[in-house]
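Note that the structure is a prediction, hence the values are computed from the model and not measured. Start at 1 and go down the list; that is how both ligands and their atoms are numbered.
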Amino acid sequence: MRSAIAESNRAAGLDRLQAFASKAGSRYTKSRNFDFGPGRHGNVSMLSPYVRHRLVLEHEVIGAALRHHAFSTAEKFIQEVFWRSYFKGWLEHRPRVWADYREDVAKLIRDVETDSQLAERYSKALSGDTGIECFDAWVSELLSTGYLHNHARMWFASIWVFTLDLPWQLGADLFYRHLVDGDPASNTLSWRWVCGLHTQGKTYLARASNIAKFTDDRFNPEGQLATDAPSLVEPTVYSVQPLRDAQALPPGESFGLLVTEEDGYPESLLGGQAPTAILGAVAPGARSPLPIGGKAEDFVLGAVRDAVERAGSFFGVDGEILVSEDWQSEVVAWATRHRLKTIATAYAPVGPTAELLEKVRDELNRHGITLLQIRRPYDETVWPHAQRGFFKLKQQIPAMLERMGAENGAVRVATTAG
Ligand SMILES: Cc1cc2nc3c(=O)[nH]c(=O)nc-3n(C[C@H](O)[C@H](O)[C@H](O)COP(=O)(O)OP(=O)(O)OC[C@H]3O[C@@H](n4cnc5c(N)ncnc54)[C@H](O)[C@@H]3O)c2cc1C
């Protein structure tokens, strides 16, 4: 099957953005829900892997769309970009949702070893052997390309939970291991949304007629799908937490730069201050107890390598790459080699990178080294509006764009956190 995503670097992301921006208006609004199949996703941008790893920034995508269209014409596309920011901000306010998901996945993987019926259903779904032609085709597309259209993700998740009677957490884990845009917030919360756990009581039921219409009659699973989708319930009520602290880089500070998969454009993060050393750290295996897919791993390795090389030539500093799930000792060793007292890194939203950085920070502190996590002004602007439903955030989009300085088709966001 043809690979969906080209190279994992900023230049390829910018090329894709340039090619798509003119199509982000009414053409996108009318056609975005159609999934024409592998190699035929030209009606949507396929920018998600680049934006997820911040090889291309959200405000660059919105700015490019606004250079070609009035806000009202590109509104749907811009809203979709804000869905990503909404999910990130929402999870920042409820980190327990992620912690519980992690525990559930570990437990369910153990359950599969002891529960033969669950094991059989799970194994048939994973190998695309359910007899539901569309579902089996999406498994194959996911595993071989690392990408699925948004509508296919919704149908897939709904069939996984309500027809195949599988735990949502194992489906989210499968997506997270294989998607080239695998994202703790967008993925976990979209699965929860399908099950009625995000917008409580409101589930998403995949219907054969809807699949037939929006796959252009490639599939019609008439009579094969569950006919109702009773909302899942969970015992925990997740209360809203304040955002974790982020830090600023003091002017004139000597520091090393730590690049992670959370931000592939570090040259724009540091307010012009140059690091004395650069380390890119990647931990593909931290996504799950089960192995990560080849496409997802290649993308994330490529993204961090590209960021380190680009930042290295921008600042005139040689960079190094660490591929490991044990960052503590390696990052301390690197900092000691370069006599660093301060390390700056992009703020990592809730997810595996944040978990790893927490451990690294404690280990660095023990060695008298400070880790600064720098949050982008875009996140500072958007996340406070992401505490409840998307509708509330959506209403704020024009005001947020105004605050970001949207003018003449550009969205100017200050490049450093202050
Ligand atoms: C069950 C499920 C799991 C998902 N898992 C992920 C994931 O792990 N990572 C991920 O990036 N997205 C995820 N999504 C959201 C969405 O499907 C993808 O972002 C989108 O399909 C990417 O394709 P695109 O770039 O062509 O999108 P376009 O339609 O071109 O949209 C433009 C941009 O808006 C953002 N966007 C669009 N739709 C959504 C959405 N529903 N939620 C959040 N952001 C969106 C993306 O950054 C995207 O690049 C998931 C959706 C579902 C239903």
Side-chain angles (χ1 to χ4, degrees), residues 4-5 13 16-17 19-21 23-25 27-36 40-62 64-65 74-91 98 101 138 141-142 145-161 168-195 197-199 203-204 206 261-262 287-288 292-293 295-296 299-300 349 351-352 378 382 386 390 393-394 397:
I5 305 294
R16 190 175 283 274
L17 175 59
F20 188 77
K23 303 175 195 155
R27 183 192 135 139
Y28 174 82
T29 309
K30 281 191 213 122
S31 69
R32 58 182 276 273
N33 279 327
F34 283 87
D35 174 9
F36 297 112
R40 300 183 62 212
H41 293 306
N43 53 324
V44 288
S45 72
M46 296 182 79
L47 280 165
S48 52
Y50 302 100
V51 186
R52 185 273 171 257
H53 297 100
R54 284 205 155 145
L55 289 168
V56 178
L57 304 178
E58 290 86 340
H59 76 264
E60 294 181 299
V61 175
I62 297 168
E75 187 171 6
K76 192 71 212 166
F77 180 75
I78 292 170
Q79 276 171 11
E80 294 305 315
V81 177
F82 273 100
W83 265 104
R84 164 181 304 285
S85 324
Y86 163 73
F87 279 142
K88 273 202 189 303
W90 194 97
L91 197 58
W98 171 255
Y101 158 78
W138 294 321
E141 183 177 357
L142 171 68
T145 71
Y147 178 85
L148 282 182
H149 183 279
N150 181 59
H151 220 160
R153 296 182 200 205
M154 290 162 62
W155 295 318
F156 186 115
S158 179
I159 294 171
W160 179 279
V161 174
W168 71 266
Q169 297 94 328
L170 288 181
D173 176 67
L174 176 71
F175 269 25
Y176 191 33
R177 288 187 290 120
H178 288 278
L179 286 171
V180 283
D181 61 21
D183 180 88
S186 288
N187 187 50
T188 314
L189 300 181
S190 295
W191 276 84
R192 288 174 59 82
W193 177 85
V194 166
C195 303
L197 296 171
H198 187 74
T199 312
T203 55
Y204 178 75
E261 68 172 289
E262 303 304 325
R287 289 189 191 196
S288 167
I292 180 174
K295 295 282 175 196
F299 194 92
V300 73
Y378 177 90
V382 181
F390 180 71
L393 182 141
K394 190 170 96 174
I397 291 175

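- Rounded to the nearest 0.5 angstrom, Tyr28 OH and Phe20 CZ are separated by 6.5 Å.
- One finds the CG atom of Leu55 at 10.5 Å from the CD atom of Glu261 (value rounded to the nearest 0.5 Å).
- In this structure, Ser158 contributes its side chain and Tyr204 its backbone to a donor-acceptor pair below 3.5 Å.
- Closest to atom 49 (O) of ligand 1 among all protein heavy atoms lies Ser48 N, 3.1 Å.
- Leu148 contributes atom CG, which lies 13.0 Å from atom CE of Met154 (distance to the nearest 0.5 angstrom).
- Taking atom 40 (C) of ligand 1 as the reference point, the nearest protein heavy-atom neighbour is Trp83 CB, 4.0 Å.
- Nearest protein heavy-atom contact of atom 2 (C) of ligand 1 is Ser190 CB, 3.3 Å.
- Heavy-atom proximity to Val44, at under 4.0 Å, picks out these atoms of ligand 1: 26 (O), 29 (O), 30 (O).
- The shortest heavy-atom distance from Tyr176 to ligand 1 is not under 4.0 Å.
- Of the protein's non-hydrogen atoms, the one nearest atom 30 (O) of ligand 1 is Ser45 OG, 2.6 Å.
- At least one donor-acceptor pair under 3.5 Å links the side chain of Arg52 to the backbone N or O of Gly182.
- Atoms of ligand 1 found under 4.0 Å from any heavy atom of Phe175, numbered from 1 in the order shown, are 1 (C), 3 (C).
- Not a single heavy atom of Arg32 sits under 4.0 Å from any atom of ligand 1.
- Of the protein's heavy atoms, Met46 N, 2.6 Å lies nearest to atom 26 (O) of ligand 1.
- Below 30°, between 30° and 60°, or above 60°: for His59 and Tyr378 the angle between ring planes is between 30° and 60°, a tilted geometry.
- Here the straight-line distance linking atom NE2 of His178 with atom CG of Asp173 works out to 8.5 Å at 0.5 Å rounding.
- Nearest protein heavy-atom neighbour of atom 7 (C) of ligand 1: Asp181 OD1, 3.5 Å.
- Using a 3.5 Å distance cut-off with no hydrogens or angles, the side chains of Ser288 and Tyr176 do not pair a donor with an acceptor.
- Shortest contact from atom 3 (C) of ligand 1 to any protein heavy atom: Asn187 OD1, 3.4 Å.
- Which parts of ligand 1 touch Leu47 is read off a 4.0 Å heavy-atom cut-off, strictly below it: atoms 25 (O), 49 (O).
- Which parts of ligand 1 touch Tyr28 is read off a 4.0 Å heavy-atom cut-off, strictly below it: atoms 28 (P), 29 (O), 30 (O), 31 (O).
- Residue Trp191 has at least one heavy-atom neighbour below 4.0 Å for each of these atoms of ligand 1: 1 (C).
- The nearest non-hydrogen atom to atom 12 (N) of ligand 1, considering only Glu80, His151, Arg153, Arg52, comes from Arg153.
- Annotation for ligand 1: atoms under 4.0 Å from non-hydrogen atoms of Met154 are 53 (C).
- The backbone N or O of Ser31 lies less than 3.5 Å from a partner atom in the side chain of Asn43, making a donor-acceptor pair.
- Taking OH of Tyr50 as the start and OG of Ser48 as the end, the distance is 9.5 Å to the nearest 0.5 Å.
- At a 4.0 Å heavy-atom cut-off, ligand 1 does not touch Phe156 at all.
- Residue Tyr147 places a heavy atom under 4.0 Å from ligand 1.
- Counting the atoms of ligand 1 from 1 in the order shown, those under 4.0 Å from a heavy atom of Phe77 are 30 (O), 32 (C).
- Checking Asn43, Val194, Asp183, Asn150 against atom 41 (N) of ligand 1, the nearest heavy atom belongs to Asn150.
- The shortest distance between side-chain heavy atoms of Val161 and Trp191 falls below 4.5 Å.
- Near Gly182, with a cut-off below 4.0 Å to any heavy atom, the atoms of ligand 1 are 8 (O).
- A donor-acceptor pair under 3.5 Å is formed between the side chain of His149 and the backbone N or O of Phe34.
- The nearest heavy-atom contact from the protein to atom 33 (C) of ligand 1 is Val81 CG2, 4.1 Å.
- Considering both main-chain and side-chain atoms, Arg84 comes within under 3.5 Å of ligand 1 through a nitrogen or oxygen pair.
- From Phe156, atom CZ reaches atom NE2 of His151 across 15.0 Å, with rounding to the nearest 0.5 Å.
- Ring-plane geometry between Tyr101 and Trp98 is classed as tilted, the angle between the planes lying from 30 to 60 degrees on a 0 to 90 degree scale.
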